[in-house]
Amino acid sequence: MSSQVAVASLGGTITMTGSGAVSPTLGAKDLVQGLEVGEIATLATTPGASLTFTTLLEAFDWANEQVSRGAQGVVIIQGTDTLEETAYFFDCLWPHEEPLVVTGAMRHPGLPGADGPANLAAAVAVASAPGSGGRGALLVLNDEIHAARWVRKSHSSLPSAFESFPGPLGLVVEGRPHYFHPAHRLPALPRPQDVPAVPLVEATLDDDGSLLDWLNVGGVVVAATGVGHVSEGMAEAISRARFPVVVATRTGAGTTFRATYGFSGSESDLVARGAVMAGWLCPRKARVLLRLTLGAEQLVEAVFANRGSVFL
(Lines give C-alpha, C1' and ligand atoms only; values in the text may rest on other atoms or scores of the structure.)
Protein backbone atom coordinates (compact mmCIF):
# COMPACT_ATOMS: atom_id res chain seq x y z
CA MET A 1 0.00 0.00 0.00
CA SER A 2 1.03 3.61 -0.29
CA SER A 3 2.39 5.61 2.62
CA GLN A 4 -0.89 7.47 2.98
CA VAL A 5 -3.11 7.51 6.03
CA ALA A 6 -5.19 4.39 6.73
CA VAL A 7 -8.76 5.06 7.92
CA ALA A 8 -11.13 2.71 9.72
CA SER A 9 -14.62 3.27 11.07
CA LEU A 10 -16.21 1.71 14.13
CA GLY A 11 -19.49 3.62 13.82
CA GLY A 12 -20.87 6.46 15.95
CA THR A 13 -22.74 9.71 15.31
CA ILE A 14 -20.57 10.56 12.31
CA THR A 15 -22.02 7.47 10.55
CA MET A 16 -25.66 7.88 11.56
CA THR A 17 -28.59 8.46 9.22
CA GLY A 18 -32.36 8.11 9.36
CA SER A 19 -35.61 9.98 8.78
CA GLY A 20 -36.27 10.38 12.51
CA ALA A 21 -34.10 8.96 15.27
CA VAL A 22 -30.78 8.07 13.64
CA SER A 23 -28.57 4.98 13.88
CA PRO A 24 -25.13 4.05 12.46
CA THR A 25 -25.37 3.04 8.79
CA LEU A 26 -22.54 4.71 6.85
CA GLY A 27 -19.24 2.95 6.23
CA ALA A 28 -15.71 4.31 6.06
CA LYS A 29 -15.84 4.68 2.25
CA ASP A 30 -18.89 6.91 2.57
CA LEU A 31 -17.04 9.17 5.01
CA VAL A 32 -13.67 9.63 3.28
CA GLN A 33 -14.98 10.82 -0.08
CA GLY A 34 -12.82 13.69 -1.31
CA LEU A 35 -9.93 12.91 1.06
CA GLU A 36 -6.59 11.50 -0.05
CA VAL A 37 -6.19 8.40 2.09
CA GLY A 38 -4.78 4.91 1.79
CA GLU A 39 -6.41 1.74 3.10
CA ILE A 40 -10.07 2.10 4.13
CA ALA A 41 -12.01 -0.31 6.34
CA THR A 42 -15.35 -0.52 8.13
CA LEU A 43 -14.59 -2.61 11.19
CA ALA A 44 -17.91 -2.05 12.97
CA THR A 45 -21.10 0.03 12.83
CA THR A 46 -21.62 0.45 16.54
CA PRO A 47 -22.63 3.36 18.79
CA GLY A 48 -19.75 4.50 20.99
CA ALA A 49 -21.50 3.39 24.18
CA SER A 50 -21.63 -0.23 22.92
CA LEU A 51 -17.99 -0.64 21.91
CA THR A 52 -16.09 -3.44 23.65
CA PHE A 53 -12.44 -4.09 24.45
CA THR A 54 -12.63 -7.01 22.01
CA THR A 55 -13.62 -4.66 19.17
CA LEU A 56 -10.92 -2.19 20.19
CA LEU A 57 -8.25 -4.89 20.20
CA GLU A 58 -9.36 -5.88 16.69
CA ALA A 59 -9.08 -2.22 15.63
CA PHE A 60 -5.66 -2.02 17.27
CA ASP A 61 -4.48 -5.10 15.36
CA TRP A 62 -5.80 -3.62 12.10
CA ALA A 63 -4.04 -0.31 12.75
CA ASN A 64 -0.83 -2.11 13.70
CA GLU A 65 -0.95 -4.04 10.42
CA GLN A 66 -1.44 -0.86 8.37
CA VAL A 67 1.66 0.75 9.85
CA SER A 68 3.67 -2.43 9.27
CA ARG A 69 2.60 -2.20 5.61
CA GLY A 70 3.81 1.39 5.27
CA ALA A 71 0.98 3.68 6.40
CA GLN A 72 2.30 6.99 7.71
CA GLY A 73 -0.54 7.23 10.23
CA VAL A 74 -3.91 5.77 11.14
CA VAL A 75 -7.30 7.37 11.81
CA ILE A 76 -9.98 5.52 13.77
CA ILE A 77 -13.53 6.91 13.52
CA GLN A 78 -16.02 6.16 16.29
CA GLY A 79 -18.76 7.53 18.52
CA THR A 80 -17.83 10.30 20.91
CA ASP A 81 -19.60 8.84 23.97
CA THR A 82 -16.54 6.76 24.86
CA LEU A 83 -13.93 8.50 22.72
CA GLU A 84 -11.87 9.73 25.69
CA GLU A 85 -11.59 6.14 26.93
CA THR A 86 -10.76 4.51 23.61
CA ALA A 87 -8.17 7.19 22.83
CA TYR A 88 -6.39 6.27 26.06
CA PHE A 89 -6.84 2.55 25.34
CA PHE A 90 -4.97 2.95 22.05
CA ASP A 91 -2.38 5.25 23.61
CA CYS A 92 -1.46 2.69 26.26
CA LEU A 93 -0.82 0.00 23.63
CA TRP A 94 0.38 1.89 20.54
CA PRO A 95 4.08 0.99 19.93
CA HIS A 96 4.80 3.03 16.80
CA GLU A 97 6.24 6.45 16.06
CA GLU A 98 3.48 6.90 13.47
CA PRO A 99 0.42 8.60 14.99
CA LEU A 100 -2.90 6.96 15.70
CA VAL A 101 -5.68 9.56 15.63
CA VAL A 102 -9.25 9.08 16.86
CA THR A 103 -12.12 11.30 15.78
CA GLY A 104 -15.88 11.43 15.44
CA ALA A 105 -18.72 13.93 15.36
CA MET A 106 -21.11 15.64 17.74
CA ARG A 107 -23.75 16.28 15.05
CA HIS A 108 -24.94 13.57 12.70
CA PRO A 109 -24.86 14.11 8.89
CA GLY A 110 -28.55 15.12 8.71
CA LEU A 111 -28.16 18.13 11.01
CA PRO A 112 -27.23 21.68 9.99
CA GLY A 113 -23.58 22.30 10.76
CA ALA A 114 -22.67 18.62 10.85
CA ASP A 115 -19.07 18.53 12.05
CA GLY A 116 -18.06 15.06 10.88
CA PRO A 117 -16.43 16.00 7.54
CA ALA A 118 -14.34 18.78 9.10
CA ASN A 119 -13.27 16.58 12.00
CA LEU A 120 -12.27 13.74 9.69
CA ALA A 121 -10.34 16.05 7.37
CA ALA A 122 -8.49 17.51 10.35
CA ALA A 123 -7.74 14.03 11.72
CA VAL A 124 -6.28 12.91 8.38
CA ALA A 125 -4.16 16.07 8.26
CA VAL A 126 -2.84 15.38 11.76
CA ALA A 127 -2.15 11.71 11.01
CA SER A 128 -0.15 12.60 7.89
CA ALA A 129 1.96 15.37 9.43
CA PRO A 130 5.60 14.58 10.38
CA GLY A 131 5.22 16.64 13.55
CA SER A 132 2.58 14.24 14.84
CA GLY A 133 5.08 11.39 15.14
CA GLY A 134 6.09 10.10 18.53
CA ARG A 135 2.98 11.42 20.27
CA GLY A 136 1.09 8.16 20.60
CA ALA A 137 -2.68 8.34 20.23
CA LEU A 138 -4.28 11.72 19.61
CA LEU A 139 -7.90 12.88 19.67
CA VAL A 140 -8.89 15.45 17.04
CA LEU A 141 -12.21 17.32 17.11
CA ASN A 142 -13.22 20.91 16.52
CA ASP A 143 -9.74 21.65 15.04
CA GLU A 144 -8.15 20.87 18.41
CA ILE A 145 -5.49 18.19 18.93
CA HIS A 146 -5.69 16.54 22.33
CA ALA A 147 -3.37 14.11 24.08
CA ALA A 148 -5.21 10.89 24.86
CA ARG A 149 -3.82 11.03 28.41
CA TRP A 150 -5.58 14.30 29.28
CA VAL A 151 -8.66 14.67 27.09
CA ARG A 152 -12.20 14.31 28.42
CA LYS A 153 -15.71 14.87 27.14
CA SER A 154 -17.02 17.80 29.18
CA HIS A 155 -20.31 18.57 27.40
CA SER A 156 -23.05 16.26 26.18
CA SER A 157 -23.75 17.85 22.79
CA LEU A 158 -21.65 20.89 21.79
CA PRO A 159 -19.15 20.59 18.91
CA SER A 160 -16.57 21.87 21.42
CA ALA A 161 -17.40 19.03 23.83
CA PHE A 162 -13.80 17.88 24.36
CA GLU A 163 -11.22 19.61 26.48
CA SER A 164 -7.90 18.83 28.12
CA PHE A 165 -6.08 19.89 31.24
CA PRO A 166 -3.91 21.95 30.92
CA GLY A 167 -5.05 22.52 27.31
CA PRO A 168 -4.84 20.95 23.84
CA LEU A 169 -1.50 19.85 22.44
CA GLY A 170 -2.13 21.90 19.32
CA LEU A 171 -4.56 23.24 16.74
CA VAL A 172 -5.30 22.52 13.10
CA VAL A 173 -4.96 25.81 11.19
CA GLU A 174 -5.40 26.08 7.41
CA GLY A 175 -5.37 22.32 7.19
CA ARG A 176 -2.07 21.87 9.06
CA PRO A 177 -1.42 20.87 12.68
CA HIS A 178 0.48 23.31 14.90
CA TYR A 179 1.83 21.91 18.18
CA PHE A 180 2.53 23.81 21.39
CA HIS A 181 4.70 21.13 23.02
CA PRO A 182 7.44 18.75 21.83
CA ALA A 183 6.60 15.09 21.34
CA HIS A 184 6.88 12.85 24.39
CA ARG A 185 5.23 9.62 25.43
CA LEU A 186 5.66 6.56 27.63
CA PRO A 187 6.56 3.11 26.29
CA ALA A 188 3.62 0.98 25.19
CA LEU A 189 2.19 -1.72 27.42
CA PRO A 190 2.17 -5.31 26.12
CA ARG A 191 -0.93 -6.20 24.14
CA PRO A 192 -3.16 -8.31 26.42
CA GLN A 193 -4.68 -11.52 25.12
CA ASP A 194 -7.66 -11.05 27.39
CA VAL A 195 -8.87 -8.33 29.74
CA PRO A 196 -10.62 -9.02 33.05
CA ALA A 197 -13.76 -7.27 34.21
CA VAL A 198 -13.08 -4.01 36.07
CA PRO A 199 -16.10 -1.99 37.21
CA LEU A 200 -16.01 1.69 38.10
CA VAL A 201 -17.64 2.40 41.46
CA GLU A 202 -18.33 5.97 42.56
CA ALA A 203 -17.99 6.81 46.25
CA THR A 204 -20.97 8.89 47.41
CA LEU A 205 -22.47 10.38 50.53
CA ASP A 206 -23.36 7.77 53.20
CA ASP A 207 -21.84 4.94 51.15
CA ASP A 208 -21.03 1.86 53.23
CA GLY A 209 -18.98 0.21 50.47
CA SER A 210 -20.92 -3.05 50.68
CA LEU A 211 -21.12 -3.30 46.88
CA LEU A 212 -17.43 -4.23 46.80
CA ASP A 213 -18.16 -7.33 48.90
CA TRP A 214 -20.47 -8.69 46.20
CA LEU A 215 -18.11 -8.26 43.27
CA ASN A 216 -16.28 -11.15 41.61
CA VAL A 217 -14.01 -9.23 39.26
CA GLY A 218 -10.38 -8.70 38.30
CA GLY A 219 -10.15 -5.30 39.95
CA VAL A 220 -12.10 -2.15 40.81
CA VAL A 221 -11.60 1.56 40.30
CA VAL A 222 -13.20 3.72 43.00
CA ALA A 223 -14.05 7.28 41.93
CA ALA A 224 -13.43 8.87 45.32
CA THR A 225 -14.30 12.31 46.64
CA GLY A 226 -11.77 15.13 46.79
CA VAL A 227 -8.14 14.05 46.70
CA GLY A 228 -9.01 10.38 47.20
CA HIS A 229 -11.33 10.11 50.19
CA VAL A 230 -14.08 7.60 50.94
CA SER A 231 -16.32 6.79 53.90
CA GLU A 232 -15.13 4.61 56.76
CA GLY A 233 -17.40 1.85 55.48
CA MET A 234 -15.92 2.00 51.99
CA ALA A 235 -12.42 2.01 53.48
CA GLU A 236 -13.22 -1.20 55.38
CA ALA A 237 -14.62 -2.75 52.21
CA ILE A 238 -11.40 -1.87 50.36
CA SER A 239 -9.46 -3.69 53.10
CA ARG A 240 -11.64 -6.79 52.54
CA ALA A 241 -11.37 -6.68 48.74
CA ARG A 242 -9.92 -9.79 47.08
CA PHE A 243 -8.80 -7.84 44.03
CA PRO A 244 -6.70 -4.73 43.27
CA VAL A 245 -8.42 -1.43 44.07
CA VAL A 246 -7.37 1.78 42.34
CA VAL A 247 -8.59 5.08 43.77
CA ALA A 248 -9.08 8.11 41.49
CA THR A 249 -10.70 11.49 42.14
CA ARG A 250 -14.23 11.96 40.88
CA THR A 251 -13.88 15.77 40.71
CA GLY A 252 -12.94 16.01 37.03
CA ALA A 253 -9.60 17.75 37.61
CA GLY A 254 -6.58 17.49 39.86
CA THR A 255 -4.69 14.57 41.37
CA THR A 256 -5.13 12.18 44.24
CA PHE A 257 -2.95 12.79 47.30
CA ARG A 258 -0.95 10.23 49.29
CA ALA A 259 0.06 11.66 52.65
CA THR A 260 -1.82 14.83 53.64
CA TYR A 261 -4.92 13.57 55.48
CA GLY A 262 -4.84 10.88 58.15
CA PHE A 263 -8.44 9.98 59.05
CA SER A 264 -10.10 6.64 58.33
CA GLY A 265 -11.00 6.72 54.64
CA SER A 266 -8.38 9.35 53.79
CA GLU A 267 -5.88 8.89 51.00
CA SER A 268 -3.04 7.90 53.37
CA ASP A 269 -5.35 5.41 55.10
CA LEU A 270 -6.33 3.86 51.77
CA VAL A 271 -2.68 3.54 50.74
CA ALA A 272 -1.98 1.78 54.05
CA ARG A 273 -4.88 -0.58 53.30
CA GLY A 274 -3.28 -1.54 49.96
CA ALA A 275 -5.17 0.69 47.54
CA VAL A 276 -3.31 2.14 44.56
CA MET A 277 -3.76 5.84 43.88
CA ALA A 278 -4.48 6.86 40.27
CA GLY A 279 -2.70 10.20 40.50
CA TRP A 280 -3.69 12.51 37.65
CA LEU A 281 -5.69 9.85 35.80
CA CYS A 282 -9.45 10.36 35.82
CA PRO A 283 -11.58 7.37 36.94
CA ARG A 284 -12.51 6.35 33.39
CA LYS A 285 -8.93 6.29 32.15
CA ALA A 286 -7.83 4.56 35.35
CA ARG A 287 -10.32 1.81 34.57
CA VAL A 288 -8.94 1.40 31.04
CA LEU A 289 -5.39 1.26 32.39
CA LEU A 290 -6.24 -1.22 35.15
CA ARG A 291 -7.92 -3.60 32.69
CA LEU A 292 -4.95 -3.46 30.31
CA THR A 293 -2.46 -3.79 33.18
CA LEU A 294 -4.17 -6.87 34.61
CA GLY A 295 -4.65 -8.34 31.14
CA ALA A 296 -0.95 -7.96 30.40
CA GLU A 297 -0.01 -9.31 33.86
CA GLN A 298 1.89 -6.16 34.82
CA LEU A 299 2.40 -4.86 38.36
CA VAL A 300 -0.51 -2.52 39.11
CA GLU A 301 1.29 -0.24 41.55
CA ALA A 302 4.32 0.22 39.28
CA VAL A 303 2.24 0.95 36.18
CA PHE A 304 0.07 3.52 37.97
CA ALA A 305 3.06 5.17 39.64
CA ASN A 306 4.49 5.71 36.17
CA ARG A 307 1.38 6.61 34.18
CA GLY A 308 -0.48 8.48 36.90
CA SER A 309 2.18 11.17 37.17
CA VAL A 310 2.46 14.38 35.18
CA PHE A 311 4.65 14.32 32.10
CA LEU A 312 4.93 16.65 29.13
Side-chain angles (χ1 to χ4, degrees), residues 46-57 60 78-93 148-149 151-153 156 189 191-252 255-256 265 267 269-271 273-305 307-308:
T46 305
S50 293
L51 288 172
T52 66
F53 271 47
T54 298
T55 300
L56 295 179
L57 285 172
F60 169 82
Q78 69 154 83
T80 61
D81 283 350
T82 54
L83 198 55
E84 63 186 285
E85 295 165 81
T86 59
Y88 190 60
F89 173 97
F90 290 127
D91 190 60
C92 288
L93 299 179
R149 166 68 177 75
V151 68
R152 68 188 188 96
K153 189 173 185 179
S156 62
L189 292 173
R191 182 199 185 283
Q193 296 305 309
D194 192 18
V195 284
V198 173
L200 173 58
V201 176
E202 183 169 345
T204 55
L205 179 67
D206 197 24
D207 186 348
D208 63 5
S210 59
L211 175 61
L212 268 62
D213 295 326
W214 292 90
L215 295 176
N216 181 21
V217 293
V220 166
V221 173
V222 174
T225 61
V227 295
H229 297 164
V230 300
S231 69
E232 292 187 45
M234 176 67 83
E236 294 295 334
I238 288 173
S239 289
R240 296 191 298 270
R242 303 175 301 277
F243 39 74
V245 176
V246 172
V247 176
T249 174
R250 72 180 195 180
T251 61
T255 181
T256 52
E267 80 288 346
D269 178 55
L270 297 182
V271 170
R273 294 174 187 268
V276 174
M277 307 309 284
W280 292 88
L281 288 173
C282 76
R284 293 176 296 281
K285 295 187 196 296
R287 176 181 175 269
V288 170
L289 182 58
L290 183 55
R291 291 193 75 181
L292 293 176
T293 299
L294 294 173
E297 299 183 342
Q298 302 291 293
L299 295 176
V300 173
E301 188 167 3
V303 169
F304 275 84
R307 293 180 179 268

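Numbers for residues simply follow the sequence, beginning at 1. Any value given below was found using the heavy atoms of this structure, including those in side chains, with hydrogens, waters and symmetry copies removed.
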Determine whether Thr55 and Phe53 satisfy the following criterion, side-chain contact (heavy atoms from CB on, under 4.5 Å), listing intermediate values before the conclusion.
CA-CA 5 Å; Thr55 300; Phe53 271 47; over 6 Å; no
Taking it one step at a time, do Leu51 and Glu85 satisfy side-chain contact (heavy atoms from CB on, under 4.5 Å)?
CA-CA 11 Å; Leu51 288 172; Glu85 295 165 81; over 6 Å; no
List the steps, then state whether side-chain contact (heavy atoms from CB on, under 4.5 Å) holds for Val195 with Leu292.
CA-CA 6 Å; Val195 284; Leu292 293 176; 4.3 Å; yes
Side-chain donor-acceptor pairs under 3.5 Å in residues 276-290, sequence neighbours left out?
residue	atom	partner	partner atom	Å
Arg284	NE	Glu84	OE1	3.1
Arg284	NH2	Glu84	OE1	3.2
Lys285	NZ	Glu84	O	2.7
Lys285	NZ	Ala148	O	3.1
Lys285	NZ	Val151	O	2.9
Arg287	NE	Val198	O	2.6

Distance-only criterion, 3.5 Å: show the donor-acceptor pairs between side-chain atoms of residues 211-224 and protein atoms not counting sequence neighbours.
residue	atom	partner	partner atom	Å
Asp213	OD1	Arg240	NE	3.1
Asp213	OD1	Arg240	NH2	3.4
Asp213	OD2	Arg240	NH2	2.8

Give the table of side-chain donor-acceptor pairs shorter than 3.5 Å for residues 231-238, with sequence neighbours excluded, one pair per line with atom names and distance.
residue	atom	partner	partner atom	Å
Ser231	OG	Asp207	O	2.3
Ser231	OG	Met234	N	3.1
Glu236	OE2	Arg273	NH2	3.4

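The distance from the OG1 atom of Thr82 to the CG atom of Leu56 is 7.5 Å, given to the nearest 0.5 Å. Remark: Leu93 CG to Leu57 CG distance equals 7.0 Å, nearest 0.5 Å. Atom OG1 of residue Thr86 and atom CG of residue Asp91 lie 11.0 Å apart, to the nearest 0.5 angstrom.
Under the side chain to side chain contact (heavy atoms under 4.5 Å, CB included) criterion, Thr225 pairs with His229, Arg250, sequence neighbours left out. Legend: residues meeting side chain to side chain contact (heavy atoms under 4.5 Å, CB included) with Thr80, ordered by chain and number and at least two apart, are Leu83, Met106, Leu141, Lys153, Phe162. Residues that satisfy the ring pair (Phe, Tyr, Trp, His ring centres under 6.0 Å) test with Phe60, not counting sequence neighbours, are absent from this structure.
Within a 6.0 Å radius of CD in Gln298, more than 12 heavy atoms belonging to other residues, nucleotides or ligands are found.
Under the 3.5 Å distance criterion, the side-chain polar atoms of Arg149 are left unmatched by any main-chain donor or acceptor of Tyr88.
The heavy-atom pair separating Leu294 from Pro196 by the smallest distance is CB-CG, 3.6 Å.
Side-chain contact between Glu267 and Thr256 is absent, with no heavy-atom pair separated by less than 4.5 Å.
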